[in-house]
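Working notes, structure below.
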Amino acid sequence: MSGGKQLRGDDLFSRQQKQAEKFAQQKTAPDIICDGIQTPQNFGSILRVADALGCKNIILLDSELDLSHKKLSRLARSTEQHLNISQCSLQQFLTQHQRYHSLYALEITSESSDLFDSNIVDCDGIIIGHEAQGVRQALLDICTGAIHLPMYGKNGSMNVSHALAVFLYEWRRQL
């Protein structure tokens, strides 16, 4: 068995476009709601993950991020130009959250379910939390449920952008 030859340029782009068209016909990817994300590095990585998995809408809640920050743009690799990024307060979001039929928080809680034991196919919005404080209780209260990633090492959590990537790839796998 061989690993094949690395694709570059037009061949890589063509292959990715075919996959993107296939997924676009299946289901719209969940919106990503970022609760208080503060670091440009994390947000740049979140944007890259969002683009890679076909997410179109990113909502920043109570964020003071400078969206023109050089580190953000460099890490996002210009994906911010292809995504709908909006900002609002927690209160504004709480009055508009009814548009989501299946809103999940990616958070370890007393009621959270293991991602790999959960059916998340209907998820149309995923909330990720502040780097240190996590997802606020007011948001947890409106969610369909909370999902956590099983951790097998000594550390009890992982970087928010990495956790989001695992969640979204599992969502895609379940389609």
same_hphob_cluster([X], [Y]) at 4.5 Å side-chain heavy-atom cutoff:
X      : Y      : result
Leu103 : Val135 : yes
Ile128 : Ile142 : no
Leu115 : Ile127 : no
Leu139 : Ile108 : no
Met158 : Val49  : yes

- Message: A quick test of your reading: do over 12 heavy atoms of other residues, nucleotides or ligands sit less than 6.0 Å from CG of Asp10?
- Response: no

Quick one: are [X] and [Y] in side-chain contact, heavy atoms under 4.5 Å?
X      : Y      : value
Asp114 : His148 : yes
Ile120 : Ile126 : no
Leu61  : Cys88  : yes
Asp124 : Pro30  : no
Glu131 : Ile37  : yes
Leu60  : Phe43  : yes
Lys27  : Asp122 : yes
Phe93  : Asp35  : no

- Query: Should side-chain heavy atoms under 4.5 Å link Ile, Leu, Val, Met, Phe, Trp and Tyr, which residues sit in the same cluster as Tyr152?
  - Reply: none

Enter the distance from [X]:[atom1] to [Y]:[atom2] here, rounded to the nearest 0.5 Å.
X      : Y      : atom1 : atom2 : value
Ser45  : Asn159 : OG    : CG    : 6.5 Å
Leu83  : Ile58  : CG    : CD1   : 5.5 Å
Phe167 : Ile32  : CZ    : CD1   : 9.5 Å
Ser112 : Leu149 : OG    : CG    : 10.0 Å
Cys123 : Leu106 : SG    : CG    : 9.5 Å
Thr79  : Arg48  : OG1   : CZ    : 8.0 Å

Please report the shortest heavy-atom distance between [X] and [Y], naming the atom on each side.
X      : Y      : answer
Ala138 : Leu94  : O-CD2, 3.8 Å
Asn42  : Ser161 : O-CB, 4.1 Å
Ile33  : Gly125 : CD1-CA, 4.1 Å

Does [X] use its side chain to pair, donor to acceptor, with the backbone of [Y] at less than 3.5 Å?
X      : Y      : result
Glu80  : Leu47  : no
Glu107 : Gly134 : no
Gln38  : Gly36  : yes
Ser86  : Ile59  : no

- Applied to residues 94-106, the side chain to side chain donor-acceptor pair (under 3.5 Å) test, sequence neighbours excluded, yields Asp31-Tyr100

- For Gln137, side-chain contact (heavy atoms from CB on, under 4.5 Å) partners two or more places apart: Leu140, Asp141

- Any salt bridge between Arg77 and Asp51, counting N to O under 4.0 Å? no

